[in-house]
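All remarks here apply to the structure that follows.
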Amino acid sequence: MAAVRICTLSGNMQALQVSISKAINRVTINSQKLSKIHALLITSGLGRSVFFAGKLISKYSYVTDVTSCLLIFRSMMHTGNVYLWNSIIRACTHNKMYAKALDMYSELRGERLIADTHTFPSVISACAGLLDIEMGESVHNHVKELGFGSDVYIGNALIDMYARLGDLGKAHTVFEEMARKDIVSWNSLIFGYSANEYWVEALEMYNQLRGIGIVPDLFSVSSVLPACGGVLAFNDGEIVHGLVHKIGIGKDVLVSNGLLSMYRKFGMLMEFRRIFDEMIVRDVVSWNTFVCGLSESGLFEESIMFFKRMVSVFKPDLLALTSIFRACSNSGDLRLGKYAHDYMKKCGTVTDTVASNVLIDMYGKHGDLLSSRNVFDQLTSKDRVSWNSIISCYILHSCSEEWVKLFKMMKMKTQPDSFLLVMLLSQGTHLGNKSLGIQLHCELMKMGFDADIFIGNALIDMYAKCGNIEDSNYLFRTMKCRDNVTWNTMIVSSVHSGNCFRGMELAAEMRVAGVLPDATTMLCVLPLCSLVAAKRQGKELHGCIYKLGFDSDVAVGNALVEMYSKCGNMKNCLRVFELMKTKDVVTWTALISAYGMYGEGQKALSTFHAMEATATAPDHIVFIAVLFSCSHSGLVEEGMACFNNMKNVYNIEPRREHYACVVDLLSRSGRLSEAEQFILSMPIEPDASIWGALLSACRRSTDTSIAERVSERIISINSNDTGYHVLVSNIYASLGRWDKVKTVRKSIQDKGLEKDPGCSWIEIQNKVYVFGVGTNVFAQYEEVRKLISELSDLMAKEGYVADLECVLHDIEEDDKRSMICGHSERLAIAFGLLNTKAGTPLQVMKNLRVCGDCHTVTKYISKIMKREILVRDANRFHLFKDGVCSCKDHW
DNA sequence: CTAGGGTTAG
């Protein structure tokens with residue numbers, strides 16, 4: 001500007017022109033400076049120069065001052081100069097005044113002026129902006145008539161126009177016909193495919209671009225990222241991500257938002273978080289994507305936390321509010337939801353359909369049906385989702401009259417979709433209503449919804465839960481496509497139907513099928529690992545969880561703690577526990593149970609007290625764990641104190657399970673008559689489980705009268721649980737009452753009950769070997785047999801005498817002896833000894849409780865063979881070392 | 001580049 005002033009003063013016109021020209025070029029978005037230059041031009045007499053008028057129009061256009069553009073243009077009228085026309089059309093298009101731009105174009109043609117190549121790009125963009133197909137095609141024809149078909153800028157504009165009009169065929173044709181293409185041509189086409197969700201084509205074009213060696217830019221990248229996310233092209237996505245760093249566009253908001261959104265679609269939480277963390281500039285989109293992504297992954301609390309951080313920087317828009325309603329509907333925080341709702345009302349966007357639909361759901365999930373209904377009634381444009389949401393609220397709260405009424409109303413306005421049917425189906429499943437399920441299955445087949453994957457999944461679940469595992473399998477096999485939920489459902493169904501092996505198999509098949517597991521998959525498979533003590537699979541899952549970023553999920557963490565403890569890996573169990581950022585009652589319960597199973601009663605108690613110190617409210621389940629731990633460590637007084645505190649301090653009414661634990665606690669410590677008195681003084685009716693707890697302790701007592709009394713009680717209760725019948729039968733056997741044994745066994749048979757066959761298993765070099773009672777078909781049977789008999793001799797020298805009372809059959813002594821030796825845990829241990837190097841610790845699992853003689857024998861073996869042997873039975877762990885067991889014979 | 005309802009786990 002200083003230079004301009006000097007030139008003006010000196011009167012050197014040529015120098016003045018040059019300096020003004022330079023000054024104009026430098027002006028960016030500062031409209032004040034622009035008006036000064038404009039004034040200078042007028043005073044210096046250069047105002048009528050076409051060159052400067054064009055420059056000014058273009059500059060005013062950039063500061064969105066179209067009025068000034070038009071004023072300048074009109075003041076230059078009848079110059080007949082196309083350059084000026086181009087400037088004004090460009091200015092209009094640039095400021096989204098598309099109709100005005102097209103008016104100017106018509107005016108230009110009316111003036112019989114010939115448009116040039118610079119005219120068309122903005123005219124074409126204007127057609128695209130107005131979504132005016134007819135006009136667009138007519139302009140395209142005009143371009144052809146004038147022979148401008150080979151102009152790169154016009155071609156690019158045409159590609160972009162057809163893409164925005166959704167006609168990718170034409171866009172591609174224009175692209176193909178272009179003799180010369182630049183990066184913008186490619187970008188326009190990739191963007192077009194991507195914006196219209198032709199993910200595969202977008203990716204293909206991007207890869208073609210890469211194939212011919214052109215380096216993509218920021219726009220190519222931000223167009224292809226949604227496509228990678230859309231088709232879950234993990235490899236392509238990661239390659240693009242790599243390229244972003246290589247060409248240094250990682251700092252760009254558009255690009256990093258694209259990456260953020262892609263990893264969100266991939267479900268890769270860890271990368272998703274990292275991208276967000278490392279962003280230098282974050283806009284509303286970044287925040288919305290992040291908050292919404294967290295919520296989508298079930299991390300509602302965290303989503304709320306980031307929402308709160310977001311609103312300290314940005315005013316939340318409708319999208320952000322919608323996300324937070326969703327998070328609130330799935331977390332306990334209804335207050336925040338209500339607060340945000342009030343805020344939305346103040347902003348005057350109450351009637352937004354999407355947001356209102358989430359609100360209906362939010363209030364419904366929190367049981368506030370009235371508010372749900374209010375939002376629904378006030379909604380001016382209800383769509384299918386609105387109807388589904390309000391109806392599902394009533395279904396969820398079993399208000400059948402109300403939902404049927406609404407359902408009828410809905411059918412008058414809009415066609416019901418599969419969503420409602422899925423909801424009904426699952427509700428029927430939860431209520432165990434099989435006939436409703438089958439009826440719905442027929443209905444939805446008539447309606448043609450049977451190919452819907454959600455319907456399929458719900459049906460599989462329905463049949464499995466109703467006990468038709470065959471039908472459920474059939475549906476699974478014949479399904480056209482399966483997703484992670486399908487697999488999760490199948491895995492859980494197999495486990496519930498008692499087929500753990502099938503569950504494991506399905507988990508492996510799922511992986512082979514390339515279906516990405518989600519947090520729920522982990523929650524389905526981890527308990528399975530815990531159940532069968534699948535150490536290796538468990539660890540692999542942990543790795544997977546870490547990689548996919550599910551480790552911040554509390555439920556997943558809890559499942560990991562349990563898995564490690566049940567697999568005998570206390571070290572990792574503790575490590576996971578300690579690393580968990582948020583812990584809930586379940587987390588603490590898992591660790592307390594773990595200590596309980598290892599007979600570490602004191603540690604269990606101190607863990608419980610540590611939990612109390614964190615102000616985590618105990619529930620009735622954590623007390624079961626604490627009582628169990630005390631009972632397995634002989635901490636009678638401490639256990640009783642907890643039992644009393646539960647009621648007096650925490651106001652939790654003891655349930656049957658708690659009473660059973662106390663009975664167990666007392667009787668395990670030999671206080672049998674006290675236990676009996678306790679049962680008789682309980683405020684609830686004792687059932688087989690309560691008497692059973694007492695009876696199992698009677699086996700180690702000499703007081704036969706109490707055993708007989710309790711046995712009679714259990715039989716009179718007439719339970720259908722095989723376990724208690726077997727227990728009674730065993731007690732009679734140990735008392736030598738073979739007549740009674742026969743009666744009980746007959747009653748078991750009459751009832752058609754089956755005894756759980758005992759089995760043990762051991763994992764050696766990633767292979768699991770299973771042994772049942774009297775198994776004699778495995779490869780090394782003879783060697784195992786020989787080893788057991790050699791060990792018997794060695795043990796006899798140490799003073800071992802077989803405790804034949806553990807064999808509860810009415811057979812000869814010798815047969816008893818050989819039967820004991822065939823107990824599955826013994827076979828597994830011997831097999832382990834044969835197949836591992838000296839000194840290697842062994843780990844054996846058993847589905848039932850370990851018998852007294854096997855317990856003694858294992859102690860001897862640990863001493864003689866100098867091995868640590870960890871045995872997990874149905875109840876707890878026994879660590880045998882140097883002739884003693886960690887349970888101190890208290891199990 | 002960002003927002004809504006359905007299935008699985010607990």
Side-chain angles (χ1 to χ4, degrees), chain A residues 191 194-195 218-219 221-226 229 252-262 264-265 283-293 295-296 298 316-327 329 352-362 364-365 383-393 395-396 417-427 429-430 449 452-462 464-465 483-493 495-496 517-528 553-556 558-559 562 584 586 621:
Chain A
F191 169 80
S194 199
L218 191 154
F219 298 103
V221 165
S222 44
S223 297
V224 79
L225 284 173
D252 185 87
V253 196
L254 209 71
V255 171
S256 34
N257 283 350
L259 285 170
L260 197 63
S261 159
M262 179 184 79
R264 177 184 153 188
K265 288 184 199 151
D283 62 6
V284 186
V285 176
S286 332
W287 281 98
N288 282 348
T289 309
F290 194 63
V291 168
C292 188
S295 173
E296 193 181 49
D317 57 5
L318 257 175
L319 273 69
L321 288 170
T322 310
S323 298
I324 210 61
F325 293 150
R326 185 175 171 198
S329 78
D352 182 79
T353 308
V354 174
S356 298
N357 292 344
V358 190
L359 277 168
I360 294 171
D361 183 61
M362 180 184 85
K365 285 220 172 87
D383 64 5
R384 229 178 259 187
V385 181
S386 323
W387 286 97
N388 287 344
S389 302
I390 190 70
I391 293 174
S392 76
C393 285
I395 293 179
L396 210 65
D417 56 15
S418 63
F419 281 69
L420 259 186
L421 283 158
V422 168
M423 252 160 345
L424 278 171
L425 210 49
S426 96
Q427 192 63 11
T429 308
H430 286 306
F449 289 144
D452 183 300
I453 192 157
F454 280 84
I455 293 270
N457 293 342
L459 282 172
I460 288 182
D461 187 49
M462 187 272 289
K465 288 227 170 79
D483 64 2
N484 50 356
V485 177
T486 319
W487 289 95
N488 296 348
T489 310
M490 281 304 290
I491 292 169
V492 170
S493 302
V495 180
H496 281 262
D518 61 358
T520 305
T521 312
M522 303 304 161
L523 294 174
C524 296
V525 188
L526 279 173
L528 190 49
D553 187 321
V554 187
V556 172
N558 295 345
E562 194 194 353
D584 60 10
V586 185
I621 300 170

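Side chains are part of it too, since the values below use all heavy atoms of this structure and drop only hydrogens, waters and symmetry mates.
Here the side chain of A:L319 is nearest to one of B:dT2, B:dT7, B:dA9, namely B:dT2. When the nucleotides B:dA9, B:dA3, B:dG6 are ranked by their closest atom to the side chain of A:D352, B:dA3 comes out on top. Distance from the side chain of A:C524 is smallest to B:dA9 among B:dG6, B:dC1, B:dA9. Closest contact between the side chain of A:A458 and the listed nucleotides B:dT8, B:dA3, B:dT7 involves B:dT7. For A:K465, the listed nucleotide lying nearest its side chain is B:dT8; candidates were B:dT8, B:dT2, B:dT7. When distances are taken from the side chain of A:K365 to each of B:dC1, B:dG6, B:dT7, the shortest belongs to B:dG6. Across B:dT8, B:dC1, B:dA3, the shortest atom-to-atom separation from the side chain of A:S323 is found for B:dA3. Of the candidate nucleotides B:dA3, B:dT2, B:dA9, B:dT2 has the atom lying nearest to any side-chain atom of A:S261. Taking the side chain of A:T322 as heavy atoms from C-beta on, and the options B:dC1, B:dT8, B:dA3, the nearest nucleotide is B:dA3.
Contact annotation for A:S418: base contact, defined as any heavy-atom pair under 4.0 Å involving a base atom. Counting non-hydrogen atoms under 4.0 angstrom, A:V358 reaches the backbone sugars and phosphates but no base.
Under 3.5 Å, the side chain of A:N558 and the base of B:dG10 form no donor-acceptor pair of N or O atoms.
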Could you please spell out the steps behind the side-chain hydrogen bond (donor to acceptor under 3.5 Å, both in side chains) verdict for A:S418 and A:D452? CA-CA 8 Å; A:S418 63; A:D452 183 300; 3.0 Å; yes

Under the side-chain contact (heavy atoms from CB on, under 4.5 Å) criterion, do A:D584 and A:N558 qualify, and how do the steps go? CA-CA 9 Å; A:D584 60 10; A:N558 295 345; 3.2 Å; yes

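None of A:N457, A:D483, A:D518 except one satisfies the side-chain hydrogen bond (donor to acceptor under 3.5 Å, both in side chains) rule with A:N488; the exception is A:D518.
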